[in-house]
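So the structure is just underneath, and the comments pick up after that.
Counting convention: from 1, in listed order, for ligands and their atoms alike.
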Amino acid sequence: MSEVNEKTPLLEVRNLRKLFPGKSSFFQKDKAWIKAVDGVSFTLNAKETLGVVGESGCGKSTMGRSVLRLIEPTSGDIIYRGTDFSKASGAELRKLRSEMQIIFQDPYASLNPRMTVGEVIAEPLKIQKRYKTEAEIRAHVLKVMEVVGLNTKYYNRYPHEFSGGQRQRIGIARAIVLNPSLVVCDEPVSALDVSIQSQVLNLLRELQESMGMAYIFISHNLSVIKHISDRVMVMYLGHVVELADKKELFDNPSHPYTQALLSAIPVPDRHAKRKKILLQGDLPSPANPPSGCVFHTRCFKAQDICAEQKPELRDIGNGHLCACHFCGGACAQAEKSEENKEIL
Ligand code: SF4
């Protein structure tokens, strides 16, 4: 396995697809497929946080789980530290899995109610056979409990005896107990009270600094994404539509879908004006995605070409990727001429 340096990414995902079998009608010859993730590519550097945002049903959670092979991808490459994780099996798969963990959204559902906190956190250590004795396992678990801010006297308590925030700390302890390099955080704060959310986000940041982990941070909440991410990837109907540095994406959103999402964020200054872009209609079915640009049925900038040709995800400058026929030069020029018209 090759070492990760500043030039090689920790993770490279190429053309990842996850299709689920759908219901076919009597008249359909071919089987129907739900395209939950349809050709997603991105890189993730060591110690970096890639925020993944999009409406519910856009495929972001399926993408995160497919990257870890918690659900098997239909196709695509997942290169982790130079090794093709998508093709790993047996002992190699088990070894790589120990370096890639997940924190789930629902701390109530993700913990086995019949296991004590100590048993929940110790389980990955036992599966990976890290220690020979129970005493060593217990010592390691107690250390991790301290790191995530759980009182060690609760070692023998059950998950139902804890609050939502504390349960999420148990989930985080379980995710970090093997000292992973990559953690997929799948909506880790959306089930928590707002007052607890910032505590958990701060804990995740502190752990990242002290342990050097990279995060794929999935959320539908743009404020949370803005708070925690280094780069941001916007997904729509199983596709990446925009990917850029956080500041660049929030200052210069280029894809019409990103522009619409950002226009919905409340502005702190009540005198400042921001025009809210309302999207028409609902998210189309991934079983029957629109032709051409998948966003064209709801896009306020759509032209004839959009229903016919699929826009490629392309670099519009300084690593800012956008999948729109009119992103970058053409789009900027069109917007400028509209502004000029208003001035004249
Ligand atoms: Fe809108 Fe067309 Fe751009 Fe798609 S390609 S985002 S439909 S303008």
Side-chain angles (χ1 to χ4, degrees), residues 13 15-19 33-42 50-60 62-63 218-220 222 225-226 229 231-265 274-342:
V13 174
N15 208 14
L16 187 74
R17 297 182 87 215
K18 178 63 194 175
L19 314 184
W33 291 99
I34 296 165
K35 295 172 182 165
V37 178
D38 197 4
V40 166
S41 301
F42 64 90
L50 177 68
V52 183
V53 71
E55 283 163 287
S56 122
C58 72
K60 52 192 188 307
T62 306
M63 182 278 296
I218 297 165
S219 178
H220 65 278
L222 273 161
I225 288 286
K226 191 173 185 183
S229 308
R231 285 186 300 143
V232 179
M233 180 163 96
V234 184
M235 284 186 70
Y236 183 82
L237 212 62
H239 295 73
V240 177
V241 296
E242 189 159 8
L243 199 167
D245 262 11
K246 172 177 71 176
K247 186 167 180 344
E248 167 68 11
L249 188 119
F250 279 86
D251 288 353
N252 298 307
S254 288
H255 195 279
Y257 178 60
T258 314
Q259 291 170 356
L261 285 183
L262 295 197
S263 76
I265 301 179
R274 181 189 273 161
K275 201 171 147 201
K276 192 165 177 185
I277 303 166
L278 289 174
L279 293 179
Q280 305 295 319
D282 294 327
L283 195 68
S285 165
N288 188 20
S291 61
C293 173
V294 285
F295 186 54
H296 86 260
T297 51
R298 301 171 77 197
C299 181
F300 53 94
K301 289 183 180 170
Q303 310 280 325
D304 291 345
I305 187 182
C306 303
E308 290 154 20
Q309 281 182 30
K310 183 182 170 187
E312 293 303 321
L313 187 68
R314 62 193 167 84
D315 194 334
I316 57 170
N318 299 324
H320 185 154
L321 308 181
C322 182
C324 170
H325 292 306
F326 307 107
C327 273
C331 191
Q333 266 174 16
E335 272 170 8
K336 272 217 174 91
S337 61
E338 280 302 313
E339 276 170 24
N340 288 345
K341 263 189 223 162
E342 278 174 23

Heavy-atom neighbours of Lys18 NZ exceed 12 at 6.0 Å: yes
Closest protein heavy atom (residue, atom, distance) for atom 2 (Fe) of ligand 1: Cys306 SG, 2.2 Å
Which of the ligand 1 atoms, numbered from 1, are nearer than 4.0 Å to a heavy atom of Cys324: 3 (Fe), 5 (S), 6 (S), 8 (S)
Exceeds 12 heavy-atom contacts within 6.0 angstrom, atom NZ of Lys226: no
Residue, atom name and distance, where the atom is the protein heavy atom closest to atom 5 (S) of ligand 1: His325 N, 3.4 Å
Proximal atoms of ligand 1 relative to Lys301 (non-hydrogen, under 4.0 Å): 8 (S)
Donor-acceptor contact below 3.5 Å, side chain Thr62 vs main chain Ala36: no
Any donor-acceptor N or O pair under 3.5 Å, side chains His296, Gln303: no
SG-SG under 2.5 Å, Cys327 vs Cys322: yes
Contact check: Cys299 to atom 4 (Fe) of ligand 1, N/O/S below 2.8 Å: no
Ligand 1-proximal atoms of His255, by part, heavy-atom distance under 4.0 Å: side chain
Top protein contact for atom 4 (Fe) of ligand 1, by heavy-atom distance: Cys293 SG, 2.3 Å
Donor-acceptor contact below 3.5 Å, side chain Ser41 vs main chain Asn15: yes
